[in-house]
Protein chains: 4
Amino acid sequence: MKREIHASVKDEQLIKKRRSQMIRGAVSLFKQKGFHRTTTREIAQASGFSIGTLYEYIRTKEDVLYLVCDSIYEEVSERLGRMDLDKGTLASLKIGISHYFKVMDDMQDEVLVMYQEAKALSPEALPYVLKKELEMVGMFEQLINCCVEKGELDIGKEHQQLLAHNIFVQGQMWGFRRWALKKAFSIDDYIKLQTDLLFSGIKGYQPQV
Amino acid sequence: MKREIHASVKDEQLIKKRRSQMIRGAVSLFKQKGFHRTTTREIAQASGFSIGTLYEYIRTKEDVLYLVCDSIYEEVSERLGRMDLDKGTLASLKIGISHYFKVMDDMQDEVLVMYQEAKALSPEALPYVLKKELEMVGMFEQLINCCVEKGELDIGKEHQQLLAHNIFVQGQMWGFRRWALKKAFSIDDYIKLQTDLLFSGIKGYQPQV
Amino acid sequence: MKREIHASVKDEQLIKKRRSQMIRGAVSLFKQKGFHRTTTREIAQASGFSIGTLYEYIRTKEDVLYLVCDSIYEEVSERLGRMDLDKGTLASLKIGISHYFKVMDDMQDEVLVMYQEAKALSPEALPYVLKKELEMVGMFEQLINCCVEKGELDIGKEHQQLLAHNIFVQGQMWGFRRWALKKAFSIDDYIKLQTDLLFSGIKGYQPQV
Amino acid sequence: MKREIHASVKDEQLIKKRRSQMIRGAVSLFKQKGFHRTTTREIAQASGFSIGTLYEYIRTKEDVLYLVCDSIYEEVSERLGRMDLDKGTLASLKIGISHYFKVMDDMQDEVLVMYQEAKALSPEALPYVLKKELEMVGMFEQLINCCVEKGELDIGKEHQQLLAHNIFVQGQMWGFRRWALKKAFSIDDYIKLQTDLLFSGIKGYQPQV
DNA sequence: GATGAATGAGCTTTCATTCAT
DNA sequence: AATGAATGAAAGCTCATTCAT
């Protein structure tokens, strides 16, 4: 599933180093002007090497986008992976959400970039990215499901699944709607308020059958 | 605030007609390939006229995007505007949400386009679009606030505001995450489940101070 | 030699009127932005009618340039034609020059336009314009030649011919170098000084054989 | 004052070479069809490289015109600069004029191009070109002024200034009126006759006060 | 392994001209 | 006779990609 991006250069160490320079440069450019308005020359320059060198490590401009997206998911996954998914307490769920939201806050720019540019990936690369997303949603589903199994939570399968999506989107939302949210809330406010809404719902309401 | 897009043609009736052809054509193309990968010639062709004619009704390619975004907001606003915002019952809030989600379902393609391409608008056009978004979020805030004032709901100002954002984003989410959601839910499922989650929260949870 | 510019309209009176509107509008535009940077739409607008009407009175954009050039020559010729070419006195030559320079001063804009844009005429139209120029140079030659024949002047055929060219060009020069000349001289200064230089030459010089 | 034309290429040697190819190609095209009727593709082709390469060495089509004008002035200035401006004898003035006219003869095409197209330069570039012209006129003024100071010539400041302009324009005139002058004169005839007219004036004339 | 000059397909936009009304 | 909407060839310019050094 994971696409191997072709490099002409053999030295794996070097590839890693150059690509990391590349990703850093590209994220900063994509953030400012988006993928389409950024030229390969600019990416090369921001990466600290020449256009010729850039093409020693990728085959097409889209490869850069893929590398960027991949690296972002990698980092998010990695940071979320540290959570204990199987505790099965509401407290641990709450901690998980809070942790995720904080990661999203740290990676605002990256999230924004991915959010806006991922659709520019080719039809071959897109599925991999979407799969990664589902994996992450899956983490929240697992977190929630454990609570249900431990009897801490009483919601159906479908509610669980949608809840996981909601949490995931609310994390991203902090990134892509920050033009509106940041005016009103700090990240800590945001975490507190979202948690309240998620957990307590709206008082007095009874779901109808 | 609203930008007037310049047309060389004088006949207002005709401008309206041609622009609506243009928007229809453009939405369908942007949906498939995005704004940047769509050429002006393709837009002209999809609109049913020549490239020369296209430019009689706009000045730049970006004008097309603006017209598309504007028309989408116009339609969404118009359809939401029919809701009764001041009833102040939970039932009316629920109906409002359901109504909004259904509009989002009807306009999936348009929403997706706007969602992904709005950021390609120039810095001059963007504020207008964002303002429109806030207006719509504002509608939900009002809907919620009425319930609070009528004593049907007991949540603070900030929770109200964030709740409005959440509802708004959940509507869009049905459009931009349909690759994942549609597999699991119909729009009616989606409405039912989201309403449940919004209103009942997660049973057993007590917000901490 | 003179090109008939085709008009779809029959009424000769009207053709004359419309074309004169056209020339007035075009001169003012060509002056500002040159022939190539002026659009036919602008010409139509400046003439007070629609683009469709413009094309009822010409066949191509170049026709407008031709009409402009022709009308300028017409006016210059007509005004110069009033001079008495056969008096044969130095005084009358001086008067002729002064008269011509004043015409050039009155018609600065037109002269500038013609000067800069005539070369844009098609190979078919150019000869007519050049012929007109030679006619005008010919007037000065005649003026000079009369003086020679009356014994007022003692210069050879070739000197006569070149002198006529010089006078002609010095008239135009007042138009096309006004960015430099106007800073230093009024038109009356200019006439006085040029006449001095033309007639007295440089004191103390003896032409060598 | 002098505009630096931007090049993407860094090798200064190469820039020089390519631009000289470019100027040669462009002059030949501008001569035939003028600046506006010449396309950038044609310029590239005439220069011996691709359109892409052309734009590595300039930013806009107008840059080509500027480079052409600049190079012409450079060459004319350089060749005139070799004259001894401070000798102060009529003979040296005569030699200067003759030298200048010969330069103009050698550079007929270039002069014609500059003459007809310079006005197409942008308002930012034009002043530089005009300044160059005044510098060259200034050379003749100096040449003349030395003669006056050495007592070889007896004309006032204003006559000196205008005389310099006349000489300058007569040089250009050999280029831009060659359609008429070449029929009658060789360059040597032209030099001889113009010198006669300039220096001896018209016999028998007495300037009036 | 690094460089950057060269390439040309392809893009947006303009505008002279036509023709149905 | 007048109008102005429609047309599309053609223009200027960009930029992803290649490849000789």
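The sequence lines fix the lettering, A, B, ..., with proteins before strands; numbering per chain opens at 1. Given the structure is predicted, the values throughout are model-derived calculations rather than measurements.
Proximity of D/Gln32 to D/Arg37: side-chain heavy atoms (C-beta onward) are nowhere separated by under 4.5 Å. Looking only at side-chain heavy atoms (C-beta outward), A/Arg59 and A/Ile5 stay at 4.5 Å or farther from each other. Side-chain contact check for A/Val111 versus A/Met114: every heavy-atom pair is 4.5 Å or farther apart. Within the 4.5 Å cutoff, no side-chain heavy atoms of A/Arg18 are placed close to those of A/Val9.
Taking 4.0 angstrom as the limit, C/Thr53 places none of its side-chain polar atoms (N or O) nearer than this to OP1 or OP2 of F/dA1.
For the atom pair OG of D/Ser71 and CD of D/Glu110, the computed distance is 7.5 Å after rounding to the nearest 0.5 Å. In this structure, CG on A/Leu112 lies 9.5 Å from NZ on A/Lys31, to the nearest 0.5 angstrom.
Atom CD in C/Glu12 sits about 11 Å away from atom P in F/dA1, given to the nearest Å. The distance from atom NE2 of D/His6 to atom P of F/dC13 is 15 Å, rounded to the nearest whole Å. Whole-Å rounding puts the D/Leu14 CG to F/dA20 P distance at 17 Å. As rounded to whole Å, 12 Å separates atom C1' of F/dA1 from atom NZ of C/Lys10. Atom CG of D/Leu54 and atom C1' of F/dC13 are 10 Å apart (whole Å).
Scanning residues 55-62 of chain C for heavy-atom distances under 4.0 Å to DNA chain E yields C/Tyr55, C/Thr60, C/Lys61. For residues 20-45 of chain A, proximity to DNA chain E is found at A/Arg41, defined as any non-hydrogen atom under 4.0 angstrom from a strand atom.
In DNA chain F, consecutive stretches of 3 or more Watson-Crick or G-U wobble pairs with both distances under 3.5 Å are given as paired ranges: E:2-21 with F:2-21.
A cation-pi contact links A/Lys61 to A/Phe35, judged by a cut-off of 6.0 Å to the six-membered ring centre and 45° from its axis. A cation-pi arrangement is present between D/Arg3 and D/Tyr66 under the rule of less than 6.0 angstrom and at most 45 degrees off the ring axis.
Checking F/dA6, F/dT14, E/dA2 against the side-chain heavy atoms of D/Ile51 singles out F/dT14 as nearest.
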Mind running side chain to side chain donor-acceptor pair (under 3.5 Å) on B/Gln21 and B/Arg24 for me, showing each step along the way?
CA-CA 5 Å; B/Gln21 291 176 265; B/Arg24 200 166 23 252; over 6 Å; no
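Salt-bridge annotation for D/Glu42 and D/Lys33: present, with a side-chain N of the basic residue lying under 4.0 Å from a carboxylate O of the acidic one.
By the 30° and 60° cut-offs, the orientation of the rings of B/Tyr115 relative to A/Phe176 is perpendicular.
In this structure, C/Phe49 and D/Gly52 both approach DNA chain F, and ranking their closest nucleotides by distance from the 5' end singles out C/Phe49.
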